[in-house]
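Below is one structure, written out as structure tokens, with a few remarks after it.
Just so we're on the same page: letters track the sequence lines, and every chain starts at 1. For clarity, every value in this text was computed on a predicted model and none was experimentally measured.
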Number of protein chains: 2
Amino acid sequence: MVNSRFSVAIHILSLIATTSDRSILTSDFIAGSVNTNPVVVRRMIGVLKKAGLLSSQSGLAGYELLVEPKDLTLLAIYQAIDGPEQLFAIHDQPNPACAVGRKIQHTLEGVYTSVWHAMVEQLQAQTLQDVLDQLRI
Amino acid sequence: MVNSRFSVAIHILSLIATTSDRSILTSDFIAGSVNTNPVVVRRMIGVLKKAGLLSSQSGLAGYELLVEPKDLTLLAIYQAIDGPEQLFAIHDQPNPACAVGRKIQHTLEGVYTSVWHAMVEQLQAQTLQDVLDQLRI
DNA sequence: TACACCTGTAACTATAATGGTTACAACGGG
DNA sequence: CCCGTTGTAACCATTATAGTTACAGGTGTA
């Protein structure tokens with residue numbers, strides 16, 4: 001099971017997209033909705049900020065999306081958080097003296113790449129706006 | 001990143017499928033190819049055995065596949081290991097007093113289900129035989 | 001200015017997952 | 001009986017994850 005950061009990121013971005021009053025949109029308010037600690041929220045927001053998804057100003061409440069919800073794909077969010085990371089880990093240093101061990105890593109990379117491509121298609125097909133629509137806000 | 005158990009399982013099953021001489025197919029031999037501990041191998045094999053993918057006899061070297069490589073999909077292997085588990089974790093207890101918090105879990109489930117379905121298609125389209133072919137054994 | 005409130009970030013902690021290891025009971029074949 | 005093997009419990013080390021405390025520094029307002 002992959003960690004819950006992707007879920008939290010989508011939650012945070014949904015709040016930012018739907019809260020017009022910047023003054024109430026503090027890390028404390030967001031943490032109350034997500035049910036976590038404000039620092040966890042600010043940490044996550046720092047990552048999303050580095051990825052260019054939103055902006056904020058130190059000392060000033062409120063966050064602003066830099067990408068329209070309809071243009072913000074779930075893939076962009078996912079990659080902002082987890083980078084270009086592989087989905088499945090491959091055990092390292094299988095025995096090169098063995099016919100299977102020698103080629104298993106390369107083979108698995110191919111398998112996982114095809115799975116990853118399928119995931120990418122799905123994540124790219126859905127935007128933050130789609131999520132907002134399903135939240136019916 | 002998901003753990004390396006799926007990779008190790010495919011490696012183990014590839015060895016079993018391609019090693020005709022049962023007497024050398026010990027957990028120690030397999031561990032030497034995977035580069036891990038024999039107990040880790042036996043533990044994993046116990047899981048695959050419970051799932052009905054292979055058979056073994058206590059005290060006797062060797063394992064036997066119960067499904068033909070061409071009929072053994074990577075999905076079956078994946079599910080034997082990780083069960084019907086969700087791919088992405090969803091943070092628990094978002095605030096029900098918040099419009100987003102109230103519906104985010106259900107919405108994310110839908111999103112993740114569509115991603116999972118895409119993965120399933122890929123995993124189902126590839127069999128152990130395909131892996132063996134790529135290993136060129 | 002003084003103050004209240006906020007962000008950004010470092011540092012520490014608790015918990016859980018992962019994989020490696022030791023140990024040993026039970027089994028099978030020579 | 002003896003040796004090598006499987007099956008499994010128990011324990012340990014490492015790492016990931018998320019929560020927490022603490023505090024420096026920015027911002028607007030009385």
In whole angstrom, give the distance that lies between atom CG of B:Asp28 and atom C1' of D:dG7.
15 Å
So if I take every side-chain heavy atom of B:Arg42 and compare against D:dT8, C:dT7, C:dA10, which nucleotide ends up nearest?
D:dT8
Ignoring hydrogens and geometry beyond distance, is a side-chain donor-acceptor pair present between B:Asp130 and B:Gln134 at under 3.5 Å?
no
Look at the side-chain N and O atoms of B:Ser4 and state whether any lies under 4.0 Å from the OP1 or OP2 oxygen of C:dG19.
yes
If you compare every side-chain N and O of B:Arg5 against the phosphate oxygens of C:dG19 (OP1, OP2), does one of them come in below 4.0 Å?
yes
So do B:Ile90 and B:Glu109 actually touch side chain to side chain, heavy atoms under 4.5 Å?
yes
Could you state the atom-to-atom distance from CZ of B:Phe88 to P of D:dA16 in whole Å?
18 Å
State whether B:Ser58 places a side-chain N or O below 4.0 Å from either non-bridging phosphate oxygen (OP1 or OP2) of D:dG7.
no
Euclidean distance, atom CD of residue B:Gln93 to atom P of D:dA18 [Å, nearest integer]
15 Å
Under-4.0 Å side-chain N/O to phosphate OP1/OP2 contact, B:Lys49 with D:dT6:
no
With sugar-phosphate meaning primed atoms plus P, OP1 and OP2, does B:Asn3 contact a base, only sugar-phosphate, or nothing at under 4.0 Å between heavy atoms?
sugar-phosphate
Closest nucleotide of DNA chain D for A:Pro38 versus for B:Tyr63: which of these residues is on the 5' side?
B:Tyr63
Reckon B:Ser56 has a side-chain N or O less than 4.0 Å from the OP1 or OP2 of D:dT6?
no
note: A:Leu60, atom CG; D:dG25, atom P; distance rounded to Å ~ 19 Å
Between A:Arg43 and C:dT9, does any side-chain N or O lie under 4.0 Å from OP1 or OP2?
no
Could you please name the option among C:dC6, D:dA22, C:dT21 that lies closest to any side-chain atom of A:Val39?
D:dA22
Side-chain touch A:Glu64/A:Arg22, heavy atoms, less than 4.5 angstrom:
yes
Heavy atoms from other residues, nucleotides or ligands near CD of A:Gln124 exceed 12 (cutoff 6.0 Å)
yes
Once you round it to whole Å, what is the distance between P of C:dC5 and CD1 of A:Ile24?
17 Å
Output the rounded distance in Å from CG (B:Asp92) to C1' (C:dT15).
14 Å
Side-chain donor or acceptor of A:Gln122 paired with backbone N/O of A:Leu75 under 3.5 Å:
no
Give a yes or no on whether a donor-acceptor pair under 3.5 Å exists between the nucleobase atoms of D:dT27, that is its base, and the side chain of A:Arg22.
no
Interatomic distance where CG belongs to A:Asn37 and P belongs to C:dT7 [whole Å]
13 Å
C:dG19, OP1 or OP2 - any side-chain N/O from B:Thr36 closer than 4.0 Å?
no
If you assign A:Asn35 and A:Gln57 each to the DNA chain D nucleotide with the nearest heavy atom, which residue ends up on the more 5' nucleotide?
A:Asn35
Could you tell me if the side chain of A:Asp71 sits less than 4.5 Å from the side chain of A:Thr127, heavy atoms only?
no
B:Met44 CE to D:dT6 P, in whole Å, measures 16 Å
